[in-house]
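In what follows, every heavy atom counts, from backbone to side chain, and hydrogens, waters and symmetry copies are set aside. Since the model is a prediction, treat every value here as computed from it, not as a measurement. Every chain is numbered from 1, with letters handed out A, B, ... down the list of sequences.
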Amino acid sequence: MAGDMTIDEKTNQRYDFQTVEKKWQQRWIESGLFEAEESPDPDKSFYMLEMFAYPSGDIHMGHFRNYIIGDAVTRYQMMLGKTVLHPFGWDAFGLPAERAAIARNIHPQDWTLSNIAVSRKTLQKVGISYDWSREIVTSEPDYYKFTQWIFLRMFEKGLAYRKRGFVNWCPEDKTVLANEQVVQGKCERCGTLVEKKDQVQWYFKITDYADRLTDDLDKLPDWPENVKTMQREWIGRSYGAEIDFTVEETGEKLPVFTTRPDTIFGVTFMAVAPESELLDSLNLDGEFAAKVAEYRRKALARSDIERASVTEEKDGVFTGKYAINPFNGEKVQLWVADYVLAGYGTGAVMAVPGHDTRDFAFARKYHIPIKVVIHPDKDTKLDAKEMTDAYTEYGVMVNSAEFDGLVGKDAIRKVTDHAEAKQFGRHKVNFKLKDWSLSRQRYWGCPIPIIHCQKCGEVPVADENLPVELPKVTNFQPKGRSPLADVPEYMNVACPKCGGDARRDPDTMDTFVCSSWYYLRYIDPHNENALMEKPKGKSWLPVDLYVGGITHATGHLLYFRFFHKFLHDIGLLDSLEPATKLFNHGMVCDGKGEVMSKSKGNVVSPIELIDQRGVDISRLGMFFTAPSEREVIWSEDTLTGVEKFVYNKIVALIEGYRSSAVDLKRYFKHADLSDDDWALYVKLNQTIKKVTESVERLQFNTAIAALMELTRDYSPDKTADDGLNDQVIVKTIQMLAPLAPHLSEELWEKCGFEFSVLHSDWPQFDPDAIVTDLINVAVQINGKLRHTVQVVADADQELVEAAAFESPKIQQYVADKTIVKKIYVPGRIFNIVVR
RNA sequence: GCGAGAGUGGCGGAAUUGGUAGACGCGCUGGAUUUAGGAUCCAGUUCCUCAACCGGAGUGGGGGUUCGAGUCCCCCCUUUCGCACCA
């Protein structure tokens, strides 16, 4: 269209972004500007990490946002004189790739590698400051060799083990899922209701690290509070007691976990989970046996989500058996009920209807007695007959034999101590966190380096025989067991121990295993003999800033910490935590406020945007819309303002440049400059301060706003001093380097400086020039603004007061009133309190 | 239900520690220039009242602390996210 042509012509005259951006991207790559040195001084190093990408197609707006944040920080840190490691790689194994490959009838590897090629090209077109010489792909043997190496170290320590048990099973994907991959009872990837299946699976014993994973959150002040809270809740540590009830007939122990041992005398029944193996050993009598069996079958068939429904009425079946309370020898009914969770505590509970809401509801339904053993305080008594719900607060123990009168935490301690002394109970800490189920019955993943031998059992593959390579097979349709099981060339091997016939483990690892340690491989990506040389790790670790979306709070970020601690324990790492600071950027949403996603079909392509407006305008638009942690509702309108700023202000700056051989370190004195020039100098320094603070906080929106203000106030015609004039221009260009890098390099070169602007020092503000000589002080009457007075910057109260009372308006307000108080906040306000 | 955030003009958002609410930008209104503009420049733009000045109200609602509250405290509403029978 004719109109568009005109606009293009105009902009091209001044700044042809396509040529300029390509030019600098080539320069960056040719010069190796972002290739980090091997082992820098740890004090001068900065490890900038963004969550690597799942290559499911080309990159989208969310990626774009994530990476430009990391890019801006990288460039800023370089200007602060840091050696920066800023790598990138691909989380290449996994279900989505396999599913996509099946749908397109191609091999997952081909699909994955072609996606990587496309995305890499896009990232290079965006000019992100990655050190491409360190790129990694988790599905390549030279990478997963060390995924397997870590697995074997875990195996040696007993932290990787197999057990039979109920697992989350996705019937659609035909594979096991970790608890972290089940969202609201559904498969995180495909949304199918997850079923329970009794299977032998590999697990990582992350529960051994539960305490440390919780405690060490306190050592992470620069992690967002919400992520820490989510992790704490997910780990779910609770302190209580384990108390051994016994089955009346057999005397078999029936331990239960409780956080409220102080309510032990209020137990009126017991309940076990339908999954409980105890039920098999009870020798139930005919009528009860049938009912219990029927109930168990039904309960197990229901999904977790149905069972967990709070609105659902609790139900259960009496087993006909009784249990004995060790504290008072009392006999209580033993029930099976599906509100008892098999996977938590001992899979059995002591039920105290008087003081637990769930037990109360259950007891009411089945007419089981309710007993009060806690009173709110000495003067407030409860009556079981009048209660409409359980009293669950702490209080005073009553009807509890020798424990009567004990209160709250003290009561809990003494009751548990008693149980311990009598050897029928003990203090106990319990966790919600369960071991990480890591084996997957799918093809596209890292093979498990274990060989199963009839004679020798689970035999690890020797380190020198790693990697166990994933065979390239053509049939990898999911069928409920690993497709690898049907590949005899892969499966059949000699046992490394006895040399007899043996079979490989047919499963592959959860992709989250691959992504739990990738940040370490970047440090030493081409090392064939070791995961990473330890001294190199010392140069860079821990990661200084880790940027990604909030979605990984209880999955990846927990595994990531677990692996780091494990590798620390086996001596590879010095640090206890992988990343000092974590930053979660906000989502990118469409105009309706919905998150952009492929499935919703509302994605805006960053590639198209960049082709039309250029990388720098796109970056500035994204940065300017909102601070990095908040969601962005993407709109092209955002670009209008930054585009004007770039073309009319920034690009135009160069026209006023005077080539004065500017001294960037020079601090001016007021006496050196005219009043107008001094005001500009102050503005420049205020801007440097503001931009620095904003960039430090990743609030690029206010950094851009400050630069807009500065360039608005600057005009070359009005600036008398050449040195000052050029300082304003050059420092503006420097401050722009993290935000609009191509533009900044171009202008830096036009000013006659050597490549690269990133080698120049980030501007420092002149502390003597951040306040103007004359300032406005607000004058308030009773806290209401009534007037402002202009005074010298260091004015004392006397001066401000005199100026204020000169005003007829103020005089009017205080006339025939009594001045009660006068408050002066230097440089800000003067408040007169009258009555 | 529990836990953690958030709620500021027509819109995106500013306002480290309590100290002139609405920076910066979009949009809108008026003007200039132009054959024309979705270009550029200038002015205005929280709401109410007013010709104007002056004044009044104002950061989801209600209360409180304070000379002074968007910011701190209490109650409530809305909303986002997380967890969801964890004994």
Side-chain angles (χ1 to χ4, degrees), chain A residues 1-4 6-7 10-11 183-185 224-234 236-238 240 256-260 263 271 304-305 307-312 314 337-341 343-346 348-352 355-359 361-362 392 430-433 550-551 553-554 587 593 621 624-627 629-642 644-645 647-648 690 693 697 699 701-709 712 776-788 809 820-834:
Chain A
M1 278 182 285
D4 287 341
T6 322
I7 296 163
K10 264 193 174 171
T11 54
V183 180
Q184 312 242 305
E225 225 30 71
N226 59 343
V227 170
K228 289 193 278 186
T229 305
M230 280 162 69
Q231 291 208 352
R232 257 184 222 107
E233 285 181 2
W234 188 262
R237 178 165 63 191
S238 59
V256 295
F257 174 74
T258 177
T259 52
R260 294 297 303 274
T263 64
D304 274 3
I305 214 167
R307 281 179 59 176
S309 166
V310 185
T311 50
E312 183 116 333
K314 310 209 176 316
D338 77 353
Y339 79 92
V340 181
L341 302 175
Y344 183 76
T346 62
V349 297
M350 56 175 231
V352 186
H355 305 287
D356 181 282
T357 316
R358 297 152 301 183
D359 300 343
F362 196 86
T392 58
N430 235 324
F431 297 92
K432 288 187 201 173
L433 184 72
I550 184 74
T551 46
T554 52
M587 305 275 196
F624 190 57
T625 304
E629 70 275 10
R630 240 195 262 194
E631 71 167 29
V632 157
I633 295 186
W634 183 254
S635 152
E636 295 266 322
D637 295 348
T638 314
L639 297 169
T640 312
V642 292
K644 281 191 205 164
F645 168 63
Y647 289 126
N648 301 339
K690 177 86 188 156
E693 288 165 356
R697 282 185 286 160
Q699 285 176 6
N701 57 333
T702 49
I704 295 168
L707 289 168
M708 283 174 167
E709 270 191 76
R712 180 196 62 194
N776 290 316
V777 172
V779 182
Q780 300 180 332
I781 305 289
N782 292 346
K784 276 200 168 120
L785 178 71
R786 295 299 178 193
H787 189 58
T788 57
K809 207 168 140 188
V820 183
K821 207 172 181 180
K822 287 180 278 196
I823 295 133
Y824 179 55
V825 183
R828 291 187 178 273
I829 60 139
F830 177 58
N831 189 14
I832 305 162
V833 185
V834 298

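- Backbone-only contact: A:Asp637 has heavy atoms under 4.0 Å from sugar-phosphate atoms and none from a base.
- Between the A:Lys809 side chain and the A:Arg786 main chain, a donor and an acceptor come within less than 3.5 Å of each other.
- Closest to the side chain of A:Val833, out of B:rG82, B:rC24, B:rC67, is B:rC67.
- Pair assignment for B:rA43: B:rU29, on the basis of Watson-Crick or G-U wobble contacts that are both within less than 3.5 Å.
- Taking the side chain of A:Asn831 as heavy atoms from C-beta on, and the options B:rU20, B:rG68, B:rA14, the nearest nucleotide is B:rG68.
- Distance from the side chain of A:Arg828 is smallest for B:rG19 among the nucleotides B:rG19, B:rC67, B:rC26.
- Rounded to whole Å, the distance from CD on A:Glu636 to C1' on B:rG27 is 16 Å.
- Heavy atoms of A:Val340 sit under 4.0 angstrom from at least one base atom.
- Put simply, CD on A:Gln780 is 17 Å from P on B:rU66, counting in whole angstrom units.
- On a pure distance criterion of 3.5 Å, a polar donor-acceptor pair joins the side chain of A:Lys314 and the base of B:rC85.
- Considering only side-chain N and O atoms, A:Lys784 lies nowhere under 4.0 angstrom from the phosphate OP1 or OP2 of B:rG19.
- Spacing between atom CG of A:Leu785 and atom P of B:rU20 amounts to 9 Å, rounded to whole angstrom units.
- Contact annotation: side chain of A:Arg358 to base of B:rA87, donor-acceptor pair present below 3.5 Å.
- Checking the phosphate oxygens (OP1, OP2) of B:rA14, a side-chain nitrogen or oxygen of A:Arg630 falls inside 4.0 Å.
- Distance from the side chain of A:Met708 is smallest for B:rC24 among the nucleotides B:rC24, B:rG3, B:rA23.
- A residue-by-residue look at A:Arg786 and A:Thr346 shows that A:Arg786 has its nearest nucleotide of RNA chain B further toward the 5' end.
- Backbone-only engagement by A:Arg712 is indicated by non-hydrogen atom pairs under 4.0 Å involving sugar-phosphate atoms exclusively.
- Close to B:rA87, at under 4.0 Å from its OP1 or OP2, lies no side-chain N or O of A:Tyr339.
- For A:Met708, the CE atom sits in a packed shell: over 12 heavy atoms of surrounding residues, nucleotides or ligands are nearer than 6.0 Å.
- Across B:rA87, B:rA14, B:rU20, the shortest atom-to-atom separation from the side chain of A:Asn776 is found for B:rU20.
- Across the protein-nucleic acid pair, A:Met350 atom CE and B:rC85 atom P stand 20 Å apart, rounded to whole Å.
- Put simply, CZ on A:Arg232 is 15 Å from P on B:rG3, counting in whole angstrom units.
- For A:Ile704 and B:rA14, the CD1 to P distance is 12 Å, given to the nearest whole Å.
- Side-chain nitrogen and oxygen atoms of A:Lys432 include none within less than 4.0 Å of the OP1 or OP2 phosphate oxygen of B:rA84.
- Nearer to the 5' terminus of RNA chain B, by closest-nucleotide assignment, is the contact made by A:Ile832 (compared with the other of A:Ile832 and A:Arg260).
- The nearest whole Å value for the distance from the NZ atom in A:Lys690 to the P atom in B:rA23 is 13 Å.
- In terms of phosphate contacts, A:Asn648 brings a side-chain nitrogen or oxygen within less than 4.0 Å of OP1 or OP2 of B:rU40.
- A:Glu233 has its CD atom 9 Å from the P atom of B:rC83, to the nearest Å.
- For the side chain to side chain contact (heavy atoms under 4.5 Å, CB included) with A:Met350, the lone residue among A:Asp356, A:Thr258, A:Asp359 that qualifies is A:Thr258.
- Picking from B:rA84, B:rA87, B:rA15 the nucleotide with the shortest atom distance to the side chain of A:Ser238 gives B:rA87.
- Using a 4.0 Å heavy-atom cutoff across all strands shown, A:Glu225 reaches no nucleic acid atom at all.
- Nucleotides B:rU71 and B:rG7 have their P atoms positioned 11 Å apart, rounded to a whole Å.
- Annotation: B:rG9 and B:rA23 have their P atoms spaced 13 Å apart (nearest Å).
- For the OP1/OP2 pair of B:rA14 and a distance below 4.0 Å, the side-chain nitrogens and oxygens of A:Asn701 include at least one atom meeting the criterion.
- Closest to the side chain of A:Thr258, out of B:rU16, B:rA87, B:rC85, is B:rA87.
- Among the atoms of the strands shown, only primed sugar atoms or phosphate atoms (P, OP1, OP2) are found under 4.0 Å from some heavy atom of A:Lys809.
- With hydrogens and angles disregarded, a donor-acceptor distance shorter than 3.5 Å links the side chain of A:Arg260 to the backbone of A:Thr392.
- Distance noted for atom C1' between B:rA21 and B:rA14: 10 Å (whole Å).
- Expressed to the nearest 0.5 Å, how far CE of A:Met230 lies from OG1 of A:Thr554 amounts to 5.0 Å.
- A salt bridge does not link A:Lys690 to A:Glu693: none of the charged side-chain nitrogens sits closer than 4.0 Å to a carboxylate oxygen.
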